[in-house]
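What's counted below: heavy atoms across the whole structure, side chains too, no hydrogens, waters or symmetry copies.
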Amino acid sequence: MADGAGLEDAETLAERIEWTRGGELVATLEELEAVAAARPADAGPKCLAALLGLLARADDAGPEAAQQACEVVSRLVAPKGDPQAGRANGAALLADPQHIVALLDLLESPACEAYTAVVCLELVGALHLSHAEKLRSCLLGVPAGAARLLETLADRRDAVRNAAVQLWEKLTRPEAAASRSLDELRTCCAFSDVFAKAYAVLDDEEIDDAAGYAARDCVRLVANVLAGPPAALTVFRDASPNNGLDWVVRFLDVPPPENRPRDEPGERLEEEGPLSPALTRAHDSAAARRRGAVAALGVVRRVLSRGGSDDRAKAWNFEDLRLSVLALGLADDEGRVVDVSDDAFPAYGPGFVEDVSAERWWALNTEEAGKAPGRVEVRAAALHVLALWASAESDIALRFGEARAPTDGDSPLALTVSLDLATRPATFGPAAEAALGVATAAWAHEQA
């Protein structure tokens, strides 16, 4: 293709979009997709407006043309091998908030089939990756923009709903710097029934299905929204029983490993034979449950750290929750107090352990793209939650001082087990660090 051909072809094809219909329109869009793939930097300025105009009238254009146009826009905003062109085209798209309205109109159009909706949601995700602040401003600036996009969480088509959950989890993630637009988006989520929508997905999804990431994304979405202004926590309290925490408990049931423990789905030692399909599925399921448990503990963490004394007291008095967290933090998977013997295998070197209280640690241990957390990481998350309880008002701290791990036999005090864990950093890594936080908080109250 000559240097000027891509620019000329894109301009000519964009003009044809305005007056062609039916099969001729689809053929035009197919030609334009080829030009966009070859020269995204040249094609974007000439055809983005025409493509988005077509998406705004998707009802007239028809499902096939709507799908093709959406794919071309996606190729322009997220081109393979040319991120600079993608950023420029994304900025051009977001320069006019009506372009976001066109995408929202498409998602609500009868011409928007499931595949097209998924492409459109992924397109919004690509815009967020390169222009997060501007995208949030557009969604909040157009009438009911965020609320309309949130409705995709209730889509009856599983593929669309799951893509929407994945998108909204990304849109609401904590960022390194404070953002007013991010807090406004989280508040909008809270008052647009995001919790009810998330719980509806949780009712449909199996939490131990390694491929069923939607349930775990929903849990992370709830935690993300709770990182926003206090109004989000107020809405959360009323969204389910036990001050909003009733649903969390089922995520905290982490089964014992079958045959031998693994941190990664399908992981095996070289000298051992290949796993049977049934055992591989069991390990994948266990990894999924561990990831779900850390995500659910992240929700409890938000409630305890951002709520008041009443929130912390109600969470402690919710017996099923309290016992589940104590068990994950202080007991092993067979119902015994965790073994802290000196001959435990040292797995963590100096400086290897990340700060369990940091957002980065929670992100690394909950995101689907990362390594599945092991039992040590689940224990660390639970102990961090216990540390928040232990550092609470004196009444809760005193009751924590009397707590014991719920085991099959006699159990020492939670504080005693925490102290033992804290002295084994080479063995328990992040769990030892979190246990030190428990002991320090409890000891501070003892000295007060």
Side-chain angles (χ1 to χ4, degrees), residues 125 129 162 165-166 169-170 172-176 205-224 251-272 274-275 277 279-301 328-329 332-333 338 344-385 421 424-435:
L129 188 63
N162 293 351
V165 171
Q166 193 172 42
E169 191 277 322
K170 292 176 181 177
T172 55
R173 281 182 188 175
E175 295 179 349
E205 291 286 324
E206 294 293 333
I207 60 176
D208 57 352
D209 182 357
Y213 61 85
R216 297 183 293 278
D217 276 341
C218 274
V219 180
R220 288 190 289 272
L221 171 57
V222 171
N224 291 349
F251 277 88
L252 304 182
D253 179 20
V254 178
E258 295 193 26
N259 192 28
R260 59 189 185 274
R262 286 175 173 77
D263 287 347
E264 283 290 308
E267 178 188 359
R268 64 183 179 87
L269 300 177
E270 289 301 320
E271 64 270 17
E272 296 174 339
L275 295 173
L279 193 54
T280 299
R281 286 194 297 272
H283 289 311
D284 290 353
S285 173
R289 291 188 76 94
R290 291 196 301 271
R291 200 189 299 275
V294 176
L297 289 165
V299 173
V300 183
R301 166 184 174 241
L328 288 178
D332 64 18
D333 294 319
V338 61
F345 181 75
Y348 297 90
F352 183 76
V353 179
E354 296 212 25
D355 181 6
V356 182
S357 65
E359 291 292 340
R360 171 181 163 81
W361 187 89
W362 290 84
L364 288 174
N365 285 286
T366 57
E367 291 177 7
E368 297 295 322
K371 176 184 176 182
R375 184 63 179 87
V376 167
E377 283 71 34
V378 176
R379 189 180 308 285
L383 286 165
H384 180 72
V385 169
L421 284 166
R424 304 290 190 275
T427 301
F428 293 99
E433 179 184 311

Minimal heavy-atom distance between Ala382 and Gly329, with the atoms involved, is CB-N, 3.6 Å

Heavy-atom donor-acceptor pair, Trp362 side chain to Val356 backbone, under 3.5 Å
yes

Minimum heavy-atom separation for Val165 to Ala214, with atom names?
CG1-O, 3.6 Å

Which atom names give the shortest non-hydrogen contact between Ala293 and Leu252, and what distance separates them?
O-CD2, 3.8 Å

With a 4.5 Å cut-off on side-chain heavy atoms, are Pro425 and Glu433 touching?
no

Main-chain N/O of Pro373 paired to Arg290 side chain as donor or acceptor, under 3.5 Å
yes

With a 4.0 Å cut-off on N to O distance, would you call Glu359 and Arg301 a salt bridge?
yes

Going by heavy atoms in the side chains, are Arg291 and Lys371 under 4.5 Å from each other?
no

Taking every non-hydrogen atom, the tightest pair across Ala380 and Ala434
O-CB, 3.5 Å

Main-chain N/O of Ala295 paired with Arg216 side-chain donor or acceptor, under 3.5 Å:
no

Arg173 side chain vs Ala363 backbone, donor-acceptor pair below 3.5 Å
no

Answer yes or no: is there a donor N or O on one side and an acceptor on the other, between the side chain of Asp217 and the main chain of Glu169, under 3.5 Å?
no

Any sub-3.5 Å donor-acceptor pair from Arg379's side-chain atoms to Ala431's backbone N or O?
no

Would you say the side chain of Thr427 lies within less than 4.5 Å of the side chain of Leu421, judging by non-hydrogen atoms?
no

Would you indicate whether the side-chain heavy atoms of Glu377 and Trp361 approach each other to under 4.5 Å?
yes

Spatial distance of atom CG (Leu297) from atom CG (Leu383) [nearest 0.5 Å]
10.0 Å

How about Phe428 and Val338: do any of their side-chain heavy atoms sit closer than 4.5 Å?
yes

Between Val294 and Thr366, which heavy-atom pair has the shortest distance, and what is it?
CG1-CG2, 3.6 Å

